[in-house]
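Proteins come first, then strands; the chains are lettered A, B, ... in the order of their sequence lines, and each starts at number 1.
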Protein chains: 2
Amino acid sequence: MAKNKRHVDKEQKAEEIELAAMELFIDVGFDASSMSMIAKAANVAPNTLYWYFKNKDDLLIAVLNRLVNASMKLYPSMMTKPLTEQTIWLLNQFKQTKGLISTVHTRIVHSPSIATWHDNFHRMIEMLLTAQLTLNGIPKDKIPFVASALTFVVEGLLSHEHNQEEEQEMINWVLRTQ
Amino acid sequence: MAKNKRHVDKEQKAEEIELAAMELFIDVGFDASSMSMIAKAANVAPNTLYWYFKNKDDLLIAVLNRLVNASMKLYPSMMTKPLTEQTIWLLNQFKQTKGLISTVHTRIVHSPSIATWHDNFHRMIEMLLTAQLTLNGIPKDKIPFVASALTFVVEGLLSHEHNQEEEQEMINWVLRTQ
DNA sequence: ACCTGAACACCGTTCAAGT
DNA sequence: ACCTGAACACCGTTCAAGT
C-alpha cells in the first residue's frame, strides 16, 4: 500500500539524518556540528531536520540511543566473560563517544529530555551491573555501592588519560571490594 | 603617578568583569551566559570584554582561577584535619561550581588554553593529594593510584546525586586502601 | 504528509573610529 | 591606552508557502 511505503520512507529519512548527525557528533563534537552541517550531510534543507526532530537535543537523544543499542547488541557475547573483562570492554565501547558524555552532562541543566535520558541510562547500567555483580557472588548489601564505584571509575578513566595497565588495576581494585 | 593609577583602574575593571562573569557562569552556566549579558552586568559595551580577554574561553579561565584561589585560601585551615574530612570539604567546595566542571571537560577539545588549564589543575590536585597521603602513612608506591581513585570518586560524586552518608562511605573506602 | 526559502533573534568576535 | 557603534558570519529555530 502507498500508505505503508510512505511510512517506510519516513523511517529511512530519519535514519539517514541520525547517521549523518552521529558521524558529525562523534568526529567534531555536538557544539561544533551545526544543524546546517548535519542537514547538508543528510541531503536535506536545514529546517527539514525540524520535521523529524523537535530540536537539536532530541536529535542528540536519537543518536545516543543508536550508540547504546549498537553496544547492547554486542553485549550478549561478552556476558559470560569475567566481570573485569566485561568492564574493560564497556570502557572501550564508551571511549569512542568520550566527547558526548561531557556534552550530556553539560546539557542536563538546560534540557529536561536530556536529563531524563541520562537518568534512564544510569538506571539501565545499574541494573546490568547489579545482575552481573550478583552472579559474581558480591554480597547483596554491597552491590549498590560497588555499582556506583564502578561507574565512577569508568567515567573517571574516560575523561582522564590512563594506560591499559592502570585501567586494569583500577577496575580490579573496585571488584576486589567485599 | 598617573601611570600607576591607570594600571590600578585596569585591574579594577578586569576584576569587575570577572566577578560579573563568575556570577553568571555559576548561576545560569557558561553556554547560557552570553558576552552581551556579561558586559551589561559589568557596565561596559560587549566588545569591551575583548580588550581585557582574548575570548570567552580566556574569560572562563580567569573565573576558574578566581574560584580555585578562593578555595585554596581557605584550605590551610583544613590542612591539619583528617583526610576524610578534607576530601568532603573539597567536594563541597567544588559542588558550588558543579556545572563548570563539565563545561571545562566539553571545551578541552576546542580550546588549547582550557586544555592546558585542566592539565595544570589536575597536576595541582595530584600534588596536594600526594603530600596529604604521605602524611597519612599511605605507602609511597600506592599513592599515585589512591590519588587517581580519590579524584575519580570526587568527580563521580559531583556529577551524580548521592546523600551525605554515601559520600562519606565512598571516600572512606578509597582511603582504606593499602 | 513532507519539504523548503526566507526570515528572526541571537551568538561570539572584529574593525574602524572616537577619547 | 581604553572604549564603543556598527557590522560580520554564523547559530538554532520558526513560519508561510509549496507539493
Side-chain angles (χ1 to χ4, degrees), chain A residues 1-18 20-21 24-25 28-63 100 103-104 106-114, chain B residues 1-18 20-21 24-25 28-63 100 103-104 106-114:
Chain A
M1 266 165 270
K3 198 183 167 190
N4 191 35
K5 177 146 186 298
R6 211 177 238 296
H7 179 66
V8 169
D9 284 343
K10 181 178 151 107
E11 301 270 294
Q12 264 177 9
K13 202 78 198 166
E15 187 177 358
E16 275 177 52
I17 293 169
E18 286 172 23
L24 280 164
F25 286 171
V28 306
F30 179 77
D31 287 334
S33 306
S34 73
M35 293 301 259
S36 302
M37 285 170 66
I38 297 164
K40 184 170 277 179
N43 286 312
V44 290
N47 47 357
T48 299
L49 301 185
Y50 292 87
W51 175 260
Y52 293 94
F53 304 94
K54 214 179 90 233
N55 51 41
K56 201 183 177 185
D57 286 310
D58 268 35
L59 179 51
L60 173 59
I61 289 174
V63 168
L100 291 185
T103 298
V104 167
T106 310
R107 296 217 58 74
I108 282 176
V109 195
H110 300 286
S111 162
S113 38
I114 296 277
Chain B
M1 268 169 266
K3 197 185 170 191
N4 191 33
K5 178 148 184 294
R6 212 176 236 296
H7 180 66
V8 169
D9 284 344
K10 181 179 152 106
E11 301 270 294
Q12 264 179 8
K13 202 77 195 168
E15 186 177 359
E16 275 177 53
I17 293 170
E18 287 171 23
L24 281 165
F25 287 171
V28 306
F30 179 76
D31 287 334
S33 306
S34 73
M35 293 300 261
S36 301
M37 285 169 65
I38 297 164
K40 185 170 277 178
N43 287 310
V44 290
N47 47 358
T48 299
L49 302 185
Y50 292 87
W51 175 259
Y52 292 94
F53 304 95
K54 212 180 90 233
N55 52 38
K56 202 183 176 186
D57 286 310
D58 267 36
L59 178 51
L60 173 59
I61 289 174
V63 168
L100 291 186
T103 298
V104 167
T106 309
R107 297 216 58 74
I108 282 176
V109 194
H110 300 285
S111 162
S113 38
I114 295 278

Per the salt bridge (Lys or Arg N to Asp or Glu O under 4.0 Å) rule, what does the pair list look like for residues 49-62 of chain A, sequence neighbours excluded?
D57(A)-R107(A)
Whole-Å gap separating [atom2] ([N]) and [atom1] ([X]):
X	N	atom1	atom2	result
K40(B)	dT4(D)	NZ	P	14 Å
Y52(A)	dT13(D)	OH	P	18 Å
E11(B)	dA1(D)	CD	P	16 Å
D57(B)	dT13(C)	CG	P	7 Å
F53(A)	dG12(D)	CZ	C1'	16 Å
E16(A)	dC2(C)	CD	P	14 Å
K13(A)	dA1(C)	NZ	C1'	14 Å
H110(B)	dG12(C)	NE2	P	15 Å

For nucleotides 14-19 of chain D, 5' to 3', base contacts (B), sugar-phosphate-only contacts (S) and non-contacts (-) with protein non-hydrogen atoms under 4.0 Å give BB----
What stem regions, each of at least 3 consecutive Watson-Crick or G-U pairs below 3.5 Å, can be found for DNA chain D?
C:4-8 with D:12-16, C:12-16 with D:4-8
Look at the side chain of W51(A) and decide which nucleotide, out of dA1(D), dC3(C), dT13(D), has an atom nearest to it.
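Closest nucleotide to the W51(A) side chain: dC3(C).
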If you check every side-chain atom of K56(A), which of dT13(C), dC3(C), dT13(D) has the closest atom?
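Given the options dT13(C), dC3(C), dT13(D), the side chain of K56(A) is closest to dT13(D).
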Give, for atom CD of Q12(A) and atom CD of E15(A), the distance between the pair rounded to the nearest 0.5 Å.
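The CD atom of Q12(A) sits 7.5 Å away from the CD atom of E15(A).
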Just how far is it from atom CE of M35(A) to atom CG of L59(A), taken to the nearest 0.5 Å?
5.5 Å
State which residues pass ring pair (Phe, Tyr, Trp, His ring centres under 6.0 Å) with F30(B); sequence neighbours excluded, sorted by chain then number.
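Result, ring pair (Phe, Tyr, Trp, His ring centres under 6.0 Å) vs F30(B): F25(B).
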Should T103(B) and D31(B) count as side-chain neighbours, where that means a heavy-atom distance under 4.5 Å?
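A side-chain contact under 4.5 Å is absent here.
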With side chains defined as the heavy atoms from C-beta onward, is the minimum distance between K13(B) and V44(B) less than 4.5 Å?
yes
Which of residues 29-37 of chain A have a heavy atom under 4.0 Å from DNA chain C?
none
Holding to side-chain hydrogen bond (donor to acceptor under 3.5 Å, both in side chains), I want the full list of residues that pass it with T106(B), two or more places apart in sequence or in another chain.
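Applying side-chain hydrogen bond (donor to acceptor under 3.5 Å, both in side chains) to T106(B) gives T106(A).
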So, for [X] and [Y], which heavy atoms are closest and what is the spacing to 0.1 Å?
X	Y	value
H110(B)	A32(A)	CE1-CB, 3.6 Å
F53(A)	A62(A)	CE2-CB, 3.7 Å
A20(A)	I38(A)	CB-O, 4.1 Å
A39(A)	P46(A)	CB-CA, 3.5 Å

